[in-house]
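Only one structure is covered here, and it is reproduced in the block below.
For the numbers below, each heavy atom of this structure counts, side chains included, while hydrogens, waters and symmetry mates do not.
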Amino acid sequence: MDDLEIKYLKSLSKQYPTIAAASTEIINLQAILNLPKGTEHFMTDIHGEYEQFNHVLKNGSGSVRRKIDEEFGNTLSIKDKKSLATLIYYPKEKLDIVLQEEDEQSIEDWYKITLHRLVQITKRVSSKYTRSKVRKALPKDFSYIIEELITEKAEVQDKEAYYNEIIHTIIRIGRAPEFIIALSNLIQRLVIDHLHIVGDVYDRGPGPHIILDTLCHYHSVDVQWGNHDIVWMGAASGHLACIANVIRMAARYGNLDTLEEGYGINLIPLAAFALDTYKDTNCDVFAIKYNTNYDTKDLSMDMKMHKAIAVIQFKLEGQLIMRRPEFGMEDRLLLEHIDYENKALVIDGVSYAMKDVDFPTINRERPYELSPEEEQVMERLRQAFVKCEKLQKHVRFLFSKGGLYKVYNSNLLYHGCVPLDEEGNFKKVNVYGQEYSGKELYDVLDHYARKGYYSHNNLQEKLKGQDIIWYIWAGPNSPVFGKDKMATFERYFLEDKETHKETKNSYYRLLDKEEVINKILREFGLNEEHSHIVNGHVPVERKKGESPIKCGGKLLIIDGGFSKAYQDKTGIAGYTLVVNSYGMRLVAHEPFESTESAILHESDIFSDSIILETSRTRQKIADTDIGAELRESIHQLEELLQAYRDGILIEKGI
């Protein structure tokens, strides 16, 4: 045993100072290895749809209802099962309705029946966990009582009377409503052991801030950054091009309230500038794609703000592209090619008709230069983003719990793609003078993104990192974007629809080639025989017969249109992937009406399950990444045990 090993074991001995303490922990960890693995839940491309997100989280993609079916079978009617499920999802709201409908005598009977049922479900969902883990999840106020109710008491002769008396006392002292809420929340908590968000919490829908508030308090979660997340992260760092993109998209989808009310970001400087500068300007091209909650009285102002920030964005991106020639994006320098007299964009001698060339702030000689007023607006907006406490909290969460990819329990998770060339080889990408591909490309982009947010002492390095964040959002070789260009300018201004096309990376053409998928899995250190890729970003058009299952099940694209903006295209309202000790199940969701309807009418989301894989034997914690960590801990504890027995270390406190 060398000096380094002894030094480590001495450190470990502070935690386990005796043979008995080390032995007890070894026995405990060995027992945990033989428990069933926890349920993993994968969601992607949520795009601000907070009501549906919260409901899917509460029902565990149908897991709660399955537990009810398993526990009660045919002993409960469908109506009673629906009522119980709704109570578990929305305990406080459902209790309010029940208390209004029931009289004093019947409410006591309802409490008795409901509490017994909830205790049974709690027993079932907690059975795969150690007592210690369940204890940590218990609500503080009722931890002792719940533990008594869900733990088998071998020493109690009349168990039924014992449990009935506990429940009777809870009702008699007026604590039944609080206890029902506590049990329901505990069931929700135990149904999902770990949550994976495979990118794109932000944009399109109205509530990304609500989703992130939920995730910040979630018990176990990781996030793979999507392109829409990364641009918000860049905006939070104070990067002007990212800020302009975030505001433009919020304006385009009628979601400026997300910025103003959700995050408290002051948009008055932009509004005042837009109303003055664009008061006599045609803004028809900048129509708002609003939803039913949008207040149309703001339409004219929002269109002016939309145009103002779009023009600023194109200028700022032009400056960035010229600053970073290594990005190879000179083809996106389009403002200099506008022929104002003929209302056209002229590229390589080809003229494309433009819908709008009325840009009062563009200097034709220096088209990418912000006007003094635009500079002032952007500086005030930069200050608002950087000083927004809630946004900074959410973005720090994304950095601490997230990354561009994750390897977890033999699954490789990323939002977009691994950039490939035409032949299916990893594409080499120039990042500040060095070429990277495959996993190395992901790692270096992740590294620079963190610099862009966290670096404060070296402003040059910070700007390099911020520019990389923008590149991850829109660059042609970005693994998260995965297209040859972002045709925002063309979609706004050019009549010719051919110019709107964005060509996907070769990755998407080669998804069903096993040799390509195997090569990607090996690149990230995974066994190609037993591993999967879980992917988001590109909506699967199920209504056209497209399948989310690629390459014989080795790759799963789980973007099924969580965002309402994509549901006409996909024909469903999103997929979630559920991986538990029995195998893998892909769940397709029908559109969610509203939280109010789910509570009043007990209408759950109808979900259609596809069984992808079934394990021959039930998977244990020993088969997971946590299992590997536990085995390493057991090995170290056994070394400590031997050191005590050999006299190399002396037991303390005996």
Side-chain angles (χ1 to χ4, degrees), residues 199 223-242 245 316-333 395 398-399 402-407 412-486 502-508 516 519-520 522-525 535 537:
V223 184
Q224 291 68 62
W225 307 329
N227 52 323
H228 288 271
D229 304 319
I230 202 81
V231 72
W232 276 77
M233 293 158 75
S237 79
H239 192 256
L240 295 182
C242 290
N245 270 282
L316 290 167
E317 290 180 335
Q319 293 174 19
L320 194 161
I321 290 164
M322 291 187 288
R323 182 166 70 241
R324 304 293 183 197
E326 60 269 39
F327 288 178
M329 295 177 68
E330 292 78 8
D331 61 321
R332 304 313 301 150
L333 296 171
V395 167
L398 290 172
F399 274 110
L404 284 173
Y405 71 92
K406 190 169 186 68
V407 174
L412 171 59
L413 285 58
Y414 51 72
H415 182 70
C417 68
V418 178
L420 304 173
D421 62 19
E422 290 295 316
E423 285 73 43
N425 301 310
F426 296 129
K427 194 168 187 179
K428 293 181 179 178
V429 180
N430 184 324
V431 180
Y432 296 134
Q434 266 190 276
E435 288 191 330
Y436 301 88
S437 63
K439 180 178 179 292
E440 280 192 344
L441 175 61
Y442 266 97
D443 289 336
V444 75
L445 293 176
D446 190 296
H447 168 73
Y448 272 111
R450 293 177 193 278
K451 272 191 175 185
Y453 184 75
Y454 286 108
S455 183
H456 296 295
N457 298 326
N458 189 329
L459 294 181
Q460 192 177 357
E461 284 297 298
K462 184 177 182 71
L463 182 60
K464 284 172 75 174
Q466 289 175 320
D467 286 353
I468 281 291
I469 289 175
W470 176 84
Y471 182 84
I472 296 170
W473 155 247
N477 293 312
S478 160
V480 175
F481 178 51
K483 297 176 186 175
D484 65 335
K485 67 178 181 184
M486 189 175 286
E502 299 170 340
T503 304
K504 292 177 188 172
N505 182 266
S506 299
Y507 170 90
Y508 294 99
V516 171
K519 183 163 62 175
I520 292 171
R522 288 195 301 271
E523 172 73 3
F524 286 85
N535 211 164
H537 191 45

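- To the nearest 0.5 Å, atom CG of residue Leu240 and atom CH2 of residue Trp470 are 13.5 Å apart.
- Shown here are the ring-ring contact (aromatic ring centres under 6.0 Å, His included) partners of Phe481, two or more places apart in sequence or in another chain: there are none.
- No more than 12 heavy atoms of other residues, nucleotides or ligands shown are found within 6.0 angstrom of NZ on Lys428.
- Around atom CD of Glu330, more than 12 heavy atoms belonging to other residues, nucleotides or ligands sit under 6.0 Å away.
- Considering CD1 of Ile230 and OG of Ser478, their distance stands at 8.5 Å, rounded to 0.5 Å.
- One finds the CD1 atom of Ile468 at 14.5 Å from the CZ atom of Arg450 (value rounded to the nearest 0.5 Å).
- Salt bridge absent: Glu523 and Lys439 never bring a charged side-chain N and a carboxylate O closer than 4.0 Å.
- Between Trp225 and Phe399, the distance separating the two ring centers is shorter than 6.0 angstrom.
- Ring pair Tyr414/Tyr442 is tilted by interplanar angle, where 30° to 60° counts as tilted.
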For this session: Please report the C-alpha distance between Ile520 and Leu412 in whole Å, then the side-chain angles of each, then the deciding distance to 0.1 Å, and finally whether the side chain to side chain contact (heavy atoms under 4.5 Å, CB included) criterion is met.
Result: CA-CA 9 Å; Ile520 292 171; Leu412 171 59; 3.9 Å; yes
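- The closest side-chain donor-acceptor pair between Asn430 and Tyr436, if any, does not fall under 3.5 angstrom.
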For this session: Take Arg324 and Lys464, measure what side chain to side chain contact (heavy atoms under 4.5 Å, CB included) needs, and give me the verdict at the end.
Result: CA-CA 9 Å; Arg324 304 293 183 197; Lys464 284 172 75 174; 3.5 Å; yes
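- Here Asp467 pairs with Arg323 in a salt bridge; the nearest charged N to carboxylate O distance falls below 4.0 Å.
- The distance from the OH atom of Tyr471 to the CG atom of Leu320 is 11.5 Å, given to the nearest 0.5 Å.
- The shortest side-chain heavy-atom distance between Phe327 and Arg332 does not fall under the 4.5 Å cut-off.
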Problem set entry | Derivation and outcome, side chain to side chain contact (heavy atoms under 4.5 Å, CB included), residues Asn425 and Lys519 | CA-CA 9 Å; Asn425 301 310; Lys519 183 163 62 175; 3.5 Å; yes
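- A side-chain donor-acceptor contact under 3.5 Å links Asn477 and Lys427.
- Using a 4.5 Å heavy-atom cutoff, the side chains of Val231 and Ile472 are not in contact.
- The shortest side-chain heavy-atom distance between Ser437 and Val429 does not fall under the 4.5 Å cut-off.
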For this session: Decide side-chain hydrogen bond (donor to acceptor under 3.5 Å, both in side chains) for Glu317 and Asn245; before the verdict, give the C-alpha distance in whole Å, the side-chain angles of both, and the deciding distance to 0.1 Å.
Result: CA-CA 10 Å; Glu317 290 180 335; Asn245 270 282; 2.9 Å; yes
For this session: Before giving the answer on side chain to side chain contact (heavy atoms under 4.5 Å, CB included), spell out for Met233 and Tyr453 the whole-Å C-alpha distance, their side-chain angles and the decisive distance to 0.1 Å.
Result: CA-CA 8 Å; Met233 293 158 75; Tyr453 184 75; over 6 Å; no
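- Between the CG atom of Asn535 and the CD atom of Gln224 there is a distance of 10.5 Å, given to the nearest 0.5 Å.
- Between Leu445 and Pro479, some side-chain heavy-atom pair lies under the 4.5 Å cut-off.
- In this structure, Glu502 CD and Lys483 NZ are separated by 4.5 Å, a value rounded to the nearest 0.5 Å.
- In this structure, Tyr448 has its ring center under 6.0 Å from that of Tyr432.
- Checked by atom type and distance alone, the side chain of Asn505 never pairs as donor or acceptor with a backbone atom of Pro419 at under 3.5 Å.
- In this structure, a donor-acceptor pair under 3.5 Å is absent between the side chains of Ser455 and Glu461.
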